[in-house]
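Presented below is the structure to which this report refers.
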Amino acid sequence: MAAADELTFHEFEEATNLLTETPDAATTSRSDQPTSQGHVAVAVGSGDSYGAEDEVEEESDKAALLQKQQQQPGFWTFNYYQSFFDVDTSQVLDRIKGSLLPRPGHNFVRHYLRNRPDLYGPFWICATLAFVLAVTGNLTLVLAQRRDPSIHYSPQFHKVTVAGISIYCYAWLVPLALWGFLRWRKGVRERLGPYTFLETVCVYGYSLFVFIPMVVLWLIPVPWLQWLFGALALGLSAAGLVFTLWPVVREDTRLVAAVLLSTVVLLHALLAMGCKLYFFQSLPPEHVTPPHQAASLPTNIPLSPTLPRSMAPS
Amino acid sequence: MAEAEESPGDPGTASPRPLFAGLSDITISQDIPVEGEITIPIRSRIREFDSSTLNESVHNTIMRDLKAVGKKFMHVLYPRKSNTLLRDWDLWGPLILCVTLALMLQRDPADSEKDGGPHFAEVFVIVWFGAVTITLNSKLLGGNISFFQSLCVLGYCILPLTVAMLICRLVLLAGPGPVNFMVRLFVVIVMFAWSIVASTAFLADSQPPNRRALAVYPVFLFYFVISWMILTFTPQ
């Protein structure tokens with residue numbers, strides 16, 4: 001890039017282009033939280049030194065200027081929340097694609113969010129997932145009843161409520177806990193600030209997207225296929241989370257990093273398992289015919305017969 | 001209720017075109033006012049009309065409101081270039097439709113807690129909070145539509161699905177069976193598509209073009225959930 005080019009007034013898209021090329025370049029986020037004074041990710045030696053110093057200064061100057069120009073509205077105004085929905089269709093689709101195909105070098109927050117988190121994705125992906133869970137759970141029941149008319153079919157509407165509450169709690173409380181934990185670990189070290197709360201929510205929200213096709217594919221009543229799809233989706237989703245969290249966490253002690261990452265993956269796995277067992281489970285035993293007939297319904301049998309029956313909804 | 005007092009002679013809507021003529025490009029014209037009008041716009045005629053609406057019979061008052069609601073129903077069923085729903089919004093129609101739908105969808109009180117369809121309150125909450133959420137979403141994305149206009153449009157566009165519910169209940173009287181189910185599925189799908197087309201005709205224009213899909217997707221999800229509730233309804 002010519003130096004004269006750098007000195008002319010750039011649209012903000014230029015800055016994002018720069019940011020893609022040098023994903024570790026410094027940038028200040030438009031975060032409105034009073035406690036975090038914007039986070040500056042320094043180009044720590046990952047081998048990508050494109051003469052990082054000049055561009056670091058350019059970026060921070062540009063971003064600081066932009067920040068001064070934009071009034072930061074208070075959190076009680078409508079405009080404050082409008083800034084979190086400042087995305088186009090193509091951007092949302094891009095972010096979804098990015099969450100479906102996690103790559104080791106590409107940090108979701110830096111590469112796709114570009115430090116401009118949105119609330120549209122997490123909110124509507126959670127809503128879609130909750131309703132798809134309820135609908136496909138109901139559909140499994142319908143299909144099971146087709147094969148065995150003795151099963152009592154009913155549209156179990158309470159599952160919609162359960163699905164909604166559990167998905168939203170997971171997608172918002174777990175990022176809150178994670179964010180809190182990371183901030184506590186970082187303490188006063190502002191140089192390597194963790195992600196803002198919204199970025200964490202965004203990462204979790206978009207990582208839940210891969211569960212939607214997984215849940216739809218669970219309609220196929222072949223148990224090993226269901227577990228295969230589950231494992232695949234969980235792998236993709238957890239990989240996305242781990243690759244995003246790794247740059248922040250690797251500066252910490254090895255023990256803490258390992259524990260944190262394994263907790264994140266474990267919680268994600270628990271969510272997937274919970275969905276599978278609760279929404280795709282057989283009816284309570286009193287509605288099902290004697291075991292030799294029940295055995296003919298593959299959806300009702302979990303693979304590991306030692307699962308405690310206490311997991312069944314009462 | 002938001003109605004222009006001179007509603008019988010509505011100038012903006014009488015376009016002498018055959019039905020479905022403009023279905024391929026059903027959009028609203030650009031010069032509509034963003035905010036609906038809740039009061040009588042022409043101030044000088046207030047005193048003349050005030051005494052007449054006070055002294056008129058109850059029958060006249062009710063029929064005027066019912067006619068306005070009925071006219072909007074027609075606009076939903078036959079979407080064409082018109083901005084009646086937006087200019088003279090009201091929430092009576094959505095309320096009537098929501099209550100009808102919830103009454104028809106609610107579960108048998110004899111059902112156990114875990115089985116059965118939705119309660120009356122659950123349907124009500126889904127419809128109204130769904131509509132509010134979609135409206136908020138559309139406004140946050142930068143849409144150029146007012147809160148109640150959007151609620152009005154979303155509520156009125158439930159009409160095809162309410163009709164589908166009525167048809168499904170009638171069809172279910174004939175007894176269960178695969179043919180029964182196919183007929184119901186077909187009806188619900190057609191009405192679902194109709195709802196989406198009708199609401200998109202009114203709402204899509206108010207969004208900036210690069211975010212139109214983002215604003216329409218929640219509408220799709222909303223009507224999908226309502227259609228699902230209608231389709232899975234089983235009389236106990």
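Values reported hereafter were calculated over all heavy atoms of this structure, with side chains retained and with hydrogens, waters and symmetry mates removed. In what follows, chains carry the letters A, B, and so on, assigned in the order in which the sequence lines appear, proteins first and then strands, with residues in each chain numbered from 1.
Closest approach of A:D88 and B:L214 over heavy atoms only: C-CD1, 3.7 Å. Of all the heavy atoms in B:K139 and A:Q82, the pair that sits closest is O-NE2, 3.2 Å.
At a threshold of 4.5 Å between non-hydrogen side-chain atoms, the residues A:F123 and B:N137 do not count as touching. Residues A:F78 and B:L140 have side chains in contact (heavy-atom distance under 4.5 Å, counting atoms from C-beta outward). A:T161 is listed as a side-chain neighbour of B:E122, based on a closest heavy-atom distance under 4.5 Å. The side-chain heavy atoms of B:T133 and A:W124, taken from C-beta on, include a pair separated by under 4.5 Å. Between B:S138 and A:F85, every side-chain heavy-atom pair lies at or beyond the 4.5 Å cut-off. Within the 4.5 Å cutoff, the side chain of B:I126 has heavy atoms near those of the A:F157 side chain.
For chain B, the nearby part of A:Y120 is the side chain; its heavy atoms alone come within less than 4.5 Å. If you measure heavy-atom distances from B:L221 to chain A, the contacts under 4.5 Å come from the side chain alone. Only the side chain of B:Y217 comes within contact range of chain A, with at least one heavy atom under 4.5 Å from a heavy atom of that chain. No part of A:V142 comes within reach of chain B, as not one of its non-hydrogen atoms sits under 4.5 angstrom from that chain. Contacts of B:F222 with chain A are absent, with no heavy-atom separation under 4.5 Å from either backbone or side chain. With a threshold of 4.5 angstrom between heavy atoms, A:V135 approaches chain B through its backbone and through its side chain.
In this structure, CH2 on B:W228 lies 13.0 Å from CZ on A:F131, to the nearest 0.5 angstrom.
The side-chain hydrogen bond (donor to acceptor under 3.5 Å, both in side chains) search around B:R184 returns B:N180, not counting sequence neighbours.
Classification of A:D86 and B:R211 as a salt-bridged pair holds, one side-chain N sitting under 4.0 Å from a carboxylate O.
When the candidates A:L93, A:V160, A:N138, A:V92 are compared by the number of heavy-atom contacts under 4.5 Å with chain B, A:N138 comes out ahead.
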